[in-house]
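Have a look at the structure below, then the notes.
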Amino acid sequence: MTWGGGFGGGFGGVFAGGGRATTGLPFGGIPTELLDEATRLLDSEPARPPSARAFTQRPSAAERRPLSLTQLLASYRGLLAIASLLVLATSLLLQAGPKITEYAIDHGMLPGHRSIRVVVVAGSLYALIALINVGLQRWQTDATGRLASRVMHDLRVRVFTHLQRLSLDFFTEEKAGVLMSRMTSDIENLQQLLQYGLAQFATQGLTMVVITVVLFATNVELAAWTVLLVVPVLAVLSIWFHHASERGYLRTRDRIALVLADLSESLYGIRVITAHNRQRRNIANHRHVVGAYRDSNLYTGRVSSMYGPTTNLIGILGQALLLGIGGHLVLEHRMSLGALIAFFLYLNRFFQPIQLLVQQYNALQQGRSSIIRLRGLLATAPSVDEVADAPALPPVEGRITFASVSFGYRPDRLALEGIDLEIDPGQTVAIVGPTGAGKSTLAKLVNRFYDPTAGQVLIDGIDVRTVSLRSLRSQIGLVPQEPFLFAGSIRTNLAFGNPHVTTAEIDEAVDVVGLRDLVERLPDGLDAEVHERGQTLSAGERQLLALARAFLARPRILVLDEATSSLDLKSEQIVERALDRVLEGRTALLIAHRLSTAERADRIVVVDHGQIVEQGTPRELVARGGVYAQMHAAWVAAGGQGAA
Ligand code: ATP
């Protein structure tokens, strides 16, 4: 099946089921007015099976190999061979010019050898070869362009897929902006290198080899002088440049990543920045990171500016010396005048590629430093990973067991310690406790956002670490503390966990969580657009949407992390009723700030300082007169609406 066929069908499906399309990618579909064009475009695209591969948590053998330029190019051997042949052909053809000139001078212009026929034939041949060369160069640019776009496409998909595999701790440690820079500027750098740099580099390198051979063929003595005088100095200079510029470009890559990280944080946090009048400090900070980036650019610029002109100088001094030596050879009749002129034409072409090589070498170094950074990113293994050939978790009843579980985000500080907890299938357990007690952390271990440092988390008696992540997470619904909505319609956001839901099911979910009012208020109803991160909705509405999303995914186990914390009393009551429906027959872990939510649970577990300090039914705990009873008394005293 081609991409066109696949996507064409896919769009049809989205529109048939989803009514009007809305803006926003990738979950919002494609606007109707662009659909025809998009389908036509995709129909014209060649089939490209690698990116159509289904996502697997474990990377394939090819994906596990360290990233390198050769590995990237290896998948396109055919195209690479064509491009290389064309590079070879153009490099060779270009060198015919001076030889024709030599022939025209020695056999058509010198006294005793004047021949207009030789001159005309030589001139026509020169023009013909130049024309053929232009044609070949066009093909070569086309081939390298195609090669570059395909390799870039594969690389982008590979890096993105890798990011999808990585675990939560990675995203906590790594700044989003730094990752964005890997995905944008590092990859762009490679694009430049692949599209122009490599071919140029190969052409110039080959040209130098060809010319060296031709120089020796023209005059061995003069060629030997050239190699002796110029090559050793150039070699030493190039080795220095290689080291200095690699250091500089690696630093540049890191610093541009910091610039982008600062930029993205400032954009995301613009409301807080404005509210706290932090603009001036922010500008100073940005000036600092941008300044560091400028300094690293200045350094690489300085290195290049030393290398470029110095190679130039070596070239000029070399030519001056060779003119003396060559002139002497002509005067002594050990070399013809035509041969000397041809030699100098070649010599120019010998130094010209050195200049170009310097420029291309810069691109190569930049590309290399990007590859080194991307290789580092791709080599990061997810801390939460599947075992090889992990079996799927069979459909579960929903018994959750924490067996002597301890966990710390950092090795020196445990967030949970010695947790033993058993939740029966269909039971609703509320976790309560003070801020920072470890409630959310407990929930994060169930669907393996993190793995315990000690002990086991079991579902229906099966250690969650032994089964595939996909099968585990497909049976666990999560409503996080800060619900995230994607750019797209309300419909696509609701169908996020289960894209095959019908409109009737979506309508049911909307009614169950009490979102009907909102949907009817919006001009486009379910197809109303939700801006990125749900900025156009209230915090409570975002929570309700997240709840409906979890409801639609129909998981066996539901984890609700303070799912009602942003709701007003009326909405909370609606959600409380909704929860009865949503939780029906499901095992639920309810992290509750409000005691009204906790009170509805079958069992309450009180967590403090990473340990379970009390558990029992709400009634038992109140009767026991412990921590929960105190919280409860405070809540009742505050009119039954206080927070836990
Ligand atoms: P709240 O009621 O405020 O949501 P909580 O009981 O859910 O609190 P947790 O989020 O589980 O608390 O956090 C438990 C402890 O772990 C806290 O001390 C917190 O600072 C720490 N913590 C949480 N997330 C991380 C993280 N990603 N890296 C390091 N420490 C973390």
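Both ligands and their constituent atoms are indexed starting at 1 by order of listing.
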Arg399 side chain to Gly461 backbone, donor-acceptor under 3.5 Å: no
Residue pairs involving residues 410-461 (criterion ring-ring contact (aromatic ring centres under 6.0 Å, His included); sequence neighbours excluded): Phe407-Tyr450, Tyr409-Tyr450
Within 6.0 angstrom of Phe160 CZ, more than 12 heavy atoms from elsewhere: no
Test salt bridge (Lys or Arg N to Asp or Glu O under 4.0 Å) applied to Asp385 - qualifying residues, sequence neighbours left out: Arg58
Electrostatic pair Glu508-Arg554, nearest N-O below 4.0 angstrom: yes
Neighbouring residues of ligand 1, heavy-atom cut-off under 4.0 Å: Thr172, Tyr409, Arg413, Ala415, Pro434, Thr435, Gly436, Ala437, Gly438, Lys439, Ser440, Thr441, Tyr450, Gln481, Glu562, His593
Asp463: side chain to side chain donor-acceptor pair (under 3.5 Å) partners, not counting sequence neighbours: Gln456, Arg465
